[in-house]
*Asks:* 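Could you have a look at this structure, given as structure tokens, before my questions?
In this text, all values refer to a predicted model and were calculated from it rather than measured experimentally.
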Amino acid sequence: MQIVVDPVLKPEDLAAIRDGLHAYNDAQVASAEGDDGHIGILLKDEAGKTIGGLTGRWYYDWLFVELLYVPEALRGQDVGTRLMGEAEAYARGKGMTGVWLDTFDFQARGFYEKLGYAVFGELPNYPGKHSRFFLSKRIQQE
């Protein structure tokens, strides 16, 4: 066995690590086949071009919001709230437990808290003098 530092990670090396970890995790947690995936909730302009939106992925019955971007011209018009509502509705429709995400102190922590998300972790001094916050919200099943 060798330990090798590779500053240019090859796709096949990433796959070996990711697949091994996922196989181990799946053996520990009761999870249905296909219980993971990606979602895009897109903002389109009149020409059909994507100008913003939300990306997420789900696994183990939680939706992780990876990215949320609302163009400057659309901010303050509840577009972000509508995107998050769609994400929550999607999670609820799949019977998920909740939604989680992360944000920086210079981004949208207050926005998410207004939507009912609670901080469950903070990484201070990331980056620099800023903090990264991790938030979650349980989804009520109807």
*Asks:* Salt-bridged, Arg57 to Glu66, with N to O below 4.0 Å?
*Replies:* yes
*Asks:* With distance as the sole test, does Lys44 use its side chain to make a donor-acceptor pair with the main-chain N or O of Ile51 at under 3.5 Å?
*Replies:* no
*Asks:* Would Val99 and Val119 show up in the same hydrophobic cluster when neighbours are defined by side-chain heavy atoms closer than 4.5 Å?
*Replies:* yes
*Asks:* Measure the OH-CG distance between Tyr59 and Asp26 for me, rounded to the nearest 0.5 Å.
*Replies:* 12.0 Å
*Asks:* Quick check for you: to the nearest 0.5 Å, what is the distance between Leu101 atom CG and Gln107 atom CD?
*Replies:* 10.0 Å
*Asks:* Grab the two heavy atoms, one from Lys137 and one from Gly116, that are nearest each other, plus how far apart they are.
*Replies:* CG-O, 3.9 Å
*Asks:* Should the pair Tyr112 and Tyr117 be assigned to parallel (<30°), tilted (30 to 60°) or perpendicular (>60°) ring geometry?
*Replies:* perpendicular
*Asks:* Is there a chain of hydrophobic side chains (I, L, V, M, F, W, Y, each step under 4.5 Å between heavy atoms) that links Phe64 to Tyr60?
*Replies:* yes
*Asks:* Indicate yes or no: at least one non-hydrogen side-chain atom of Glu113 is less than 4.5 angstrom from one of Leu135.
*Replies:* yes
*Asks:* Are Tyr69 and Val79 joined in one hydrophobic group, where the rule is that I, L, V, M, F, W and Y side chains link up if heavy atoms are under 4.5 Å apart?
*Replies:* no
*Asks:* Let me check something: do Trp100 and Phe104 share a hydrophobic cluster, defined by ILVMFWY side-chain heavy atoms less than 4.5 Å apart, either directly or through other members?
*Replies:* yes
*Asks:* Just wondering, do Met84 and Val65 contact through their side chains at under 4.5 Å, heavy atoms?
*Replies:* yes
*Asks:* More than 12 heavy atoms of other residues, nucleotides or ligands under 6.0 Å from CZ of Arg75: yes or no?
*Replies:* yes
*Asks:* Can you tell me how far CG of Leu67 sits from CG of Leu54, rounded to the nearest 0.5 angstrom?
*Replies:* 8.0 Å
*Asks:* Give me the atom names and distance for the closest heavy-atom approach of Ser136 to Trp62.
*Replies:* CB-CZ3, 4.1 Å
*Asks:* For Phe120 and Phe134, take the angle between the two ring planes, folded into 0 to 90°, and tell me which bin it lands in: parallel under 30, tilted 30 to 60, perpendicular over 60.
*Replies:* tilted
*Asks:* To the nearest 0.5 Å, what is the distance between NZ on Lys129 and CG on Asp105?
*Replies:* 12.5 Å
*Asks:* How long is the span from the CG atom in Leu43 to the NZ atom in Lys49, to the nearest 0.5 Å?
*Replies:* 13.0 Å
*Asks:* Evaluate the side-chain proximity of Val70 to Leu83: yes if any heavy-atom separation is below 4.5 Å, no if none is.
*Replies:* yes
*Asks:* Give the minimum heavy-atom separation between Pro71 and Gly52, together with the two atoms involved.
*Replies:* CD-CA, 4.4 Å
*Asks:* Are the side chains of Glu86 and Tyr90 in touch, meaning some heavy atoms are under 4.5 Å apart?
*Replies:* no
*Asks:* Rounded to the nearest 0.5 Å, how far apart are CG of Leu21 and OH of Tyr24?
*Replies:* 9.5 Å
*Asks:* When you group the ILVMFWY residues by side-chain heavy-atom contacts below 4.5 Å and let the links chain together, are Leu68 and Leu74 in the same group?
*Replies:* yes
*Asks:* Any sub-3.5 Å donor-acceptor pair from Asp78's side-chain atoms to Thr81's backbone N or O?
*Replies:* no
*Asks:* Flag the pair Phe106 / His130 as yes when at least one side-chain heavy-atom distance between them is below 4.5 Å, and no otherwise.
*Replies:* yes
*Asks:* Could you pull out the closest heavy-atom pair between Ile139 and Ala91, with the gap in Å?
*Replies:* CG1-CB, 4.4 Å
*Asks:* Less than 4.5 Å apart, side chain to side chain, heavy atoms only: is that true for Thr55 and Ile39?
*Replies:* no
*Asks:* Decide whether a cation-pi geometry holds between Arg109 and Phe133; the criteria are a distance under 6.0 Å from NZ or CZ to the six-membered ring centre and an angle within 45° of the ring axis.
*Replies:* yes
